[in-house]
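Everything below concerns the one structure shown next.
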Number of protein chains: 2
Amino acid sequence: MAHDAGLPHQRTHPTLVQVATLAGVSPKTASRALNGEPNVAEPTRVRVLVAANRLGFRPNGIARELRRGGTSTLVGLISGDLANPFYSTVASGIERELREHGLQLVMASNDEGPRRERTLVEAFLERRVRALLIMSSSSGSDPGGSFHAERSCRMTEGPPGVPFVFLDYQPAGLPCDAVVIANAEGGRLAAEHLLARGHSRVAVLGDPPRYATHRDRFAGFADAMNAAGNHQWSPYAHSDVHDVATAERAILALMNRDPVPTAIFTLDNRLTTGALRALAHRRYQPALVGFDDFELADVLGVTVIAHDGQAMGREAARLALTGPSEHPRRQRIVTMPIHLVVRGSGERTP
Amino acid sequence: MAHDAGLPHQRTHPTLVQVATLAGVSPKTASRALNGEPNVAEPTRVRVLVAANRLGFRPNGIARELRRGGTSTLVGLISGDLANPFYSTVASGIERELREHGLQLVMASNDEGPRRERTLVEAFLERRVRALLIMSSSSGSDPGGSFHAERSCRMTEGPPGVPFVFLDYQPAGLPCDAVVIANAEGGRLAAEHLLARGHSRVAVLGDPPRYATHRDRFAGFADAMNAAGNHQWSPYAHSDVHDVATAERAILALMNRDPVPTAIFTLDNRLTTGALRALAHRRYQPALVGFDDFELADVLGVTVIAHDGQAMGREAARLALTGPSEHPRRQRIVTMPIHLVVRGSGERTP
DNA sequence: CTGAAAGCGCTAACAG
DNA sequence: CTGTTAGCGCTTTCAG
């Protein structure tokens, strides 16, 4: 290295020691000055600041965190793809709540099932996130995913544990905090609303085997229908519909049935979208109720079982931050209320 | 501490040293075994792994990162609120690309202008993120934001710099990489499309003073209109429309004008949503073209200037990861193509 | 194959 | 007000 004079291209970040040296003080003094701690003479302070500036010094947060030993200001979120508006809305709520506490959201999405989920949980834990939020549709189905959740979750029993919060899914028999939607109640509400309009051939679209949420919504729906003595709906139920494309196909198939269903209940916003695509520009429009509200549902006049995704995210973040209060800790479950939003599509009569 | 036998509640995370001690080996050997490095006798390996497991050991990523000295596996993103589908779509694209490289996305959103942006950039840089992506609508307006970007961006000229990539906004006169949309071309396309249908009283909705993107889209639109010798549109232009609510109000006002505009061009997806809300259930439906595609635009039959948000995110991530290749580095700008998607609303004639 | 020593960059704890 | 010493938890030398 010939020309190393001045302050030229250094191969590495300047360190506190370099700043201290340049300012002619000890590292600790430099540290104090840079952190705005008291007990630093004004002229010293200035010298340090100037030196830091000349060097383009930027404190190394990694080192600081390590030394301070505490947890980081990072909160992990494992979620489904943000391209799904449900996930992005909830994520937005989480982020807002965290922001108000000076924390940051680290995200990783997980379309690939429990195997990847496991890896992600490990990675976050190693990074010593302050808390871990899990909103992964696949968690609900595969016992492999739950298994890992179980291990991690139980860890939270001891003091050094990281708070885990599950979103939109309550891990079976685990002492983990969770925020869920009143799924069964939503299903019931939809059924009763359609029954009141005189519908009996109601087609339900969803994938209960795959998603716990669909399971609960479906159960609520089925209960209400059965309680009303109505059993004509079951031949129209589709239980393998899990995305826009499959929903679209299912609806097209349903429209060719004879007798045709007079109403449709879609178990989440993706399926509602698929249904709307399939029904667009068709003469016959069955009644439609969708679980999950969505943007432009008002313009399209779609009746939905709505809930507040932002609020859901905030609740989860709040749970994560208020941490485990008691020992032995008690599981906290927050249930987000749902309500029916009447917009026309659900009020069409048979 | 009376009962400290067995493996009970320890107040802190177990460390490598503890694992090593329990296994009766040196820390280094334990490290090797846990990292799957070669040159460890099988029985030793097993002893270490068992010890680690008994202790519930989890390597401390902070310490590891510090020691390894390199950059982390984190990539920072500063964006607008994820509740806006544009942001969440792009974020999803970024996340996917990063995932394929084994990296994770750290997000912080920024509704509050350049002051917070500055703080966030600092925080990310201190955390030694591998790269920093900025997709903040406010960046485009306030020189304060740009100022900070400038400082950071120039830092990337030297070797230790963190790659900066701007999304949807090209910082003026800075050597920063960016991914932008062909905004002007989109504006032109919209204008020409409407002109071809015989429209002349075209209302444009946006907020050019606030958003650089709107500025460019507006300019493209104006150019095309003026080139065609059409000047009737300008009295209908609204240049302070920046969200759903203001768009809705602007449309309502426009519908009371005499003569009423025969067509509307909304400069982003929020404004298109507002326009649709305002126009829903009205007798008179002006032609409508919106910038940005959106879910259900097909069902609603809305003609749009579309682009691929996911792809945009991926491009940005790619730029960030391929890092600064040359010295002195050259600015790389990727322009995402746009295309007109004809769905009916834009084809209505005056 | 294994270990001892040193140190990543910073900050507590205690002196001066 | 300032400096010294030590050490966060891990991994890199370099010797056994």
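Looking at A:I78 and A:N110, their side chains come closer than 4.5 Å, going by heavy atoms from C-beta outward. At a threshold of 4.5 Å between non-hydrogen side-chain atoms, the residues A:V180 and A:D168 do not count as touching. Side-chain contact check for A:L55 versus A:Q18: some heavy-atom pair is nearer than 4.5 Å.
For A:S72 and B:R127, the side-chain atoms include no donor-acceptor pair closer than 3.5 Å. Between the side chains of A:R332 and A:T322, at least one donor-acceptor pair of N or O atoms lies under 3.5 Å. Side chains of B:R99 and A:S109: a donor-acceptor N/O pair is present below 3.5 angstrom, by distance only.
If you take CD of A:E126 and C1' of D:dC8, they are 17 Å apart, rounded to a whole angstrom. Residue A:R127 contributes atom CZ, which lies 17 Å from atom P of D:dG9 at whole-angstrom precision. Atom-to-atom, NE2 of A:H13 to P of C:dC10 comes out at 10 Å; the value is rounded to the nearest Å. When the C1' atom of C:dG9 is taken as reference, atom CD1 of B:I62 falls 13 Å away, rounded to whole Å. Atom C1' of nucleotide D:dT12 and atom CZ of B:R64 are separated by 14 Å, given to the nearest angstrom. Spacing between atom CG of A:L66 and atom P of D:dG9 amounts to 7 Å, rounded to whole angstrom units. Whole-Å rounding puts the B:E65 CD to D:dT12 P distance at 13 Å.
Ionic pairing of B:E65 and B:R128 is not present here: no N-O contact between side-chain nitrogen and carboxylate oxygen is shorter than 4.0 angstrom. Contact check on A:E97 versus A:R314 returns a salt bridge, with a Lys/Arg side-chain nitrogen under 4.0 Å from an Asp/Glu carboxylate oxygen.
For the helix from C:dC1-D:dG16 to C:dG16-D:dC1, the rotation axes defined at the first and last 5 base pairs enclose an angle of 40°, given to the nearest 10°.
Distance from the side chain of B:S26 is smallest to C:dA4 among C:dA4, C:dC10, D:dT11. Side-chain proximity of B:K28 to C:dG9, C:dA4, D:dG9: nearest is C:dA4. When each of C:dC10, D:dT11, C:dT11 is scored by its nearest atom to the side-chain atoms of B:L16, the top-ranked nucleotide is D:dT11.
Note: B:Y169 and B:F166 have perpendicular aromatic rings, judged against thresholds of 30 and 60 degrees for the angle between ring planes.
The shortest distance between the side-chain N/O atoms of A:R68 and the OP1/OP2 oxygens of C:dA12 is below 4.0 Å. Proximity of A:S31 to the phosphate of C:dT11: a side-chain N or O atom is located under 4.0 Å from OP1 or OP2. Remark: A:T29 is not in phosphate contact with D:dT2, judged by side-chain N or O atoms under 4.0 Å from OP1 or OP2.
Annotation: proximity of residues 42-52 of chain B to DNA chain C (heavy atom, distance under 4.0 Å) is found for B:T44, numbered in ascending order. Contact check of residues 32-41 of chain A against DNA chain D (heavy atom, cut-off under 4.0 Å) returns A:R32, A:N39, A:V40, A:A41.
Annotation for A:A91 and A:L82: closest pair CB-CD2, 4.1 Å, computed over non-hydrogen atoms. Considering all non-hydrogen atoms of both residues, B:V25 and B:A30 come closest at CG2-N, 4.1 Å.
The residue among B:R67 and B:V25 whose nearest nucleotide of DNA chain C is located toward the 5' end is B:V25.
Between the side chain of A:R47 and the backbone N or O of A:A23, at least one donor-acceptor pair lies under 3.5 Å.
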